Amino acid sequence: MSTISDGYNRFITWQFHKLHQRKLLITKPHHAPFCPNCGPVAVDSSMTDIAQGGGAETQEFTALKFRLKDGTVLPAATLRPETVFGVTNMWLHPDVEYVKASVLDETWIVSREAFEKLRYQMDGRGEVKELDTLKGARLIGSTCTTPMGREVPILPGTFVDPKVATGVVMSVPAHAPFDWVALKDVQNELSSGKNPYGLDENMVRSIVPITMIQAGSELVEDPAGILCTRMGIESQSEADRLDEATKIIYKNEFHSGALMDLCQEYSGLKVSKIKETLRVDFIEKGLADLFFEFSEPVICRCGNGVVIKRIPDQWFISYSDPDLTRRTKEHAATMDIYPEEYMRDIGPVLDWFGDRACIRKGSWLGTEFPYKKDWIIEPISDSTLYPSYYMVSKYLNEGTLELEWMDDAFFDHVFLGKGDLEGMEERRREVTRRCREDFLYWYPLDINLGGKEHKTVHFPVFLMNHVAIMEPEHWPRGLFVHWWVTMSGGDKISKTKGGAEPIPDAIREYGVDAMRLYYCHVGSANMDVEWQKDTVSHYRARMRRIYEQIDDLLSMEDGGPSSMDSWLRSMMGVRLSEVTEMLEQGSLREASNIIYFTIPSDLKWYIRRGGRSQSTLREMTGMWVQMLQPFTPHLAEEIWERIGGKGLVSTHPWPIIDRENTSISSLKVEEYVIKLLEDLNRVKKITDMEPKRIILYTSSEWKWTVLEKLMDMSDGSDGRINPGDAIKSLMGVEDLGAYRKLIPKLVGRLSKDVVKMRPEERERYRLLRDEMERLQGLTTFFSTEMGCEVRVFSQDDEGKDDPMGKSKASLPLKPAIFME
RNA sequence: GCGAGGGUAGUCAAGUGGUCAAAGACGUCAGACUCAAAAUCUGAUCCUUAGUGGUUCGCCGGUUCAAAUCCGGUCCCUCGCACCA
């Protein structure tokens, strides 16, 4: 299948017939990028059609009509039409050749470049014809009138670029830094005695900036002048800094500016609100016209400059249709859309999405538009319903379905269930029936996966076309937006810029499983991922390590059951339930992190703590391999076979979580061991000693009493503890009589911990209340770990060995440590 | 400009009110193994300290007993904005 296959063309034709029947195809004028040589082009950053200018935006200038005495129009193109009230003069470049042209029924003077552009932009509106040419200098010194009828002089501006917009510029020195500096230049030149254009000196000198926008609560006269002075800008040639100044002023005035009194009926209105209204008004009154321009030069692949062309009767798909939008939004609300942010945005996006030009003229591949000869349906318009075409293309390709049978009635039947097959020739009836069955079997689409760039164009169109054409039960059920894999440095991978690595090569180099794991683990779907070769290799190494680890574990000598077995089973149960939950949520990263990083260290801990039961290990690694399977299937099967698993691991059902045999207390004990070991290592590191003996002291009974009382108190007052009250009430407890002096300090220390404690943590204190016995059972382990003798005393033990008096620092489940 | 997402330790990155000095990976350093290296293992990696302390999550301010997390402001980065799909 491709956009030029005959069968596909028939499908697209049907689709557009449907859109037309549903009154969703409309025509209206349109402005679009156009190469005089190649026809319409797409201006976008991936530079598919163009050689330069991918970042260009189409800007809509307002060409305000200033008039010479004889009525000839000087169209000053501006992005800030509201500033017309502050115009003090006009700028023309003295050395540039301007064209005098008849435009519609007026005479305009514009730069040569602008004249060429106008011919395309006026397409369908009237003729644009060259009448004469003249140097800018010819008009300098004379005057013209603003659209409001004020008379202003025409002055020389060497900063005027004939390539930008009309080459005719109006001057608003109070609000445009460029104008302000240029005006200064002209005035200074006169003062220094030079007057090459014979300007009226008094008149020029008397020009002062007209402030007409107030930004903020205080009026600032001549903001551009103030800013230029502050920035120390002196000359028209400092273009970069002038751009910067322009931006600052524009930003400020757009957001917080309002038009001042001299702005006639627009006085007092906010700039941000009035811009569009004002332009429409001016155009309606014949005081202005539109002028389109790119924000930067755009060059076609063929080398020609790209222009903006008016297409008088462009066909659109009317995605702004209120009924279609409403139905699509309602449907979207019932879909599974990921990530959540996009689920939230999709409604507003559908509202925002407007009519879309759907055909273009030129030598394009694609389907001819059925309502206009020689125009081709533009690719995005025809790509949105295509999954349904898969239902029939198969039969066309294998020859069961004949091309000429694929008429509108055929598609109506297959996709909409319309019409019957009576009287149809046997073969034809059979294949049509099968297409319909396939369609009913497969549709609707469960999910459409696409990159983040599709959020605002492709997905809305995809949804709306389904809603417009298909039966409600066949509308898509889900969308999934993913971000990108980029080159290192974050640049987009592209064929032209490089960075692309063909998948077959990459697979050969890193292996399929490593690639899969890399993608799953290295980032979440809604974040760009930088492709890094080294990192992929790390995943391969990680897989090898897991393979070896399992090998090692299963070849260890069986040491029979131990208390660690219960821990390992419980821990693996916890891991399995975490992984299951993550997978259900689609959090591949989290899931793979547990499987490939956390579980290996759990198993290491089991061994380190003396676990050696082969039967437990066999069972647990079996379960682990089942978890490895979805991410690295080849590795999983390999290990599965090695450990004597039956059949393929991929055909086994997902393991079931054994909650019955989960031992919370064994989990808590190991938490305790890990924390204590960390403390021991910390002390060892800080003191920088190789310990010869270690003594641990468990906490006094009375400290437990205090802790337990505090926990009770916090339960009784929605979590909070008032230390003062706590101390007071503890002082009254009989058992604590001997420790009265120590209570306030301990309460201060413990109460903030207790307030923060979660139920699980309280559980820990309850389960390990027999700390002394637990700890005594652990001395062998700690002694091996630390490489020296380890003894345990209670702080309460009268005969304890306590050379440094450390024992008083002990707290419940936080033994004090002595080391030497 | 409009809309959206983001700024967390050397790097990448997890983390939406208390279990956070903050997962994990990478890098770096030290130790083990080795004739040696690689690989692998073990530990350390904000500051301080015989562990319970201090200062951190772009910047400024606010809410709260409690903020990386909530609110307001501000700076910076990325994406989309309609004929590329």
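Worth saying up front: this structure is predicted, and the values here are computed from it rather than measured. Proteins get letters first, then strands, A, B, ... in listed order; numbering begins at 1 in each.
G72(B) and A4(B) are spaced 13 Å apart, taking the P atom of each and rounding to whole Å. C33(B) and A25(B) are spaced 24 Å apart, taking the P atom of each and rounding to whole Å. To the nearest whole angstrom, the two P atoms, one in U8(B) and one in G3(B), are 25 Å apart. Nucleotides U64(B) and G1(B) are separated by 37 Å at their C1' atoms, to the nearest Å.
Under the Watson-Crick or G-U wobble criterion, with both distances below 3.5 Å, G1(B) is paired with C81(B). Nucleotide C26(B) forms a pair with G10(B), judged by Watson-Crick or G-U wobble geometry with both contacts under 3.5 Å. Base pairing annotation: G17(B) forms no Watson-Crick or G-U wobble pair, as no partner gives both donor-acceptor distances under 3.5 Å. Summarising the base pairing, A68(B) is matched to no nucleotide, lacking a Watson-Crick or G-U wobble pair whose two defining distances lie under 3.5 Å. Here C46(B) sits opposite G54(B) as a Watson-Crick or G-U wobble pair (both hydrogen-bonding atom distances under 3.5 Å). If you check A32(B) for Watson-Crick or wobble pairing at under 3.5 angstrom, you find it paired to U40(B).
Protein atom CG of Asp351(A) is 22 Å distant from nucleotide atom P of G80(B), rounded to whole Å. For the pair Leu677(A) CG and A44(B) C1', the interatomic distance rounds to 14 Å; values are reported in whole Å. Distance CD (Gln549(A)) to P (U40(B)): 13 Å, rounded to an integer number of Å. When the P atom of U42(B) is taken as reference, atom CH2 of Trp605(A) falls 12 Å away, rounded to whole Å. One interatomic measurement links the two molecules: CZ of Phe353(A) to C1' of A4(B), which rounds to 16 Å at whole-angstrom precision. Computed from coordinates, the Leu813(A) CG to U52(B) P distance equals 17 Å when rounded to whole Å. Atoms CZ (Arg608(A)) and C1' (A32(B)) sit 14 Å apart, rounded to a whole Å. Between Met543(A) atom CE and U40(B) atom P there is a gap of 14 Å when expressed in whole angstrom units.
As judged by a 4.0 angstrom heavy-atom cut-off over every strand, Glu548(A) is placed among residues making no nucleic acid contact.
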Practice task
Could you walk me through whether Asp551(A) and Arg545(A) pass salt bridge (charged side-chain N to carboxylate O under 4.0 Å, His left out), step by step?
Solution key: CA-CA 10 Å; Asp551(A) 227 28; Arg545(A) 226 178 291 170; over 6 Å; no
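Nearest to the side-chain atoms of Lys604(A) among the listed nucleotides C81(B), U42(B), A4(B) stands U42(B).
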Review item, nucleotides 25-28 of chain B N/O atoms under 3.5 Å of protein N/O:
| from | atom 1 | to | atom 2 | distance (Å) |
| --- | --- | --- | --- | --- |
| C26(B) | O3' | His538(A) | NE2 | 3.4 |

Pairs under 3.5 Å (N/O, protein and nucleotides 48-51 of chain B):
| from | atom 1 | to | atom 2 | distance (Å) |
| --- | --- | --- | --- | --- |
| A50(B) | O2' | Lys806(A) | NZ | 2.9 |
| A50(B) | N6 | Met819(A) | O | 2.3 |
| A50(B) | N1 | Met819(A) | N | 2.8 |
| A50(B) | N1 | Met819(A) | O | 3.2 |
| G51(B) | O2' | Arg682(A) | NH1 | 3.1 |
| G51(B) | O6 | Ile817(A) | N | 3.4 |
| G51(B) | N1 | Pro815(A) | O | 3.2 |
| G51(B) | N2 | Asp679(A) | OD2 | 2.9 |
| G51(B) | N2 | Pro815(A) | O | 3.2 |

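In summary, the side chains of Ser810(A) and Gln795(A) do present a donor paired with an acceptor at a separation below 3.5 Å, with no hydrogens or angles considered. In this model, no donor atom of one side chain and acceptor atom of the other lie less than 3.5 Å apart for Asp552(A) and Tyr547(A). Residues Thr632(A) and Tyr539(A) have side chains that never bring a donor and an acceptor to within less than 3.5 angstrom of each other.
Smallest separation of non-hydrogen atoms from Asp802(A) and Ser807(A): OD2-OG, 2.7 Å.
The main-chain N or O of Trp375(A) is never found under 3.5 Å from a side-chain atom of Glu368(A) such that the two would form a donor-acceptor pair.
Using a cut-off of 4.0 Å between Lys/Arg side-chain N and Asp/Glu carboxylate O, Arg279(A) and Glu60(A) are scored as salt-bridged. The pair Asp313(A)-Lys28(A) does not meet the salt-bridge criterion, since no charged nitrogen lies less than 4.0 angstrom from a carboxylate oxygen.
Between Ala541(A) and His454(A), the one whose closest nucleotide on RNA chain B sits nearer the 5' end is Ala541(A).
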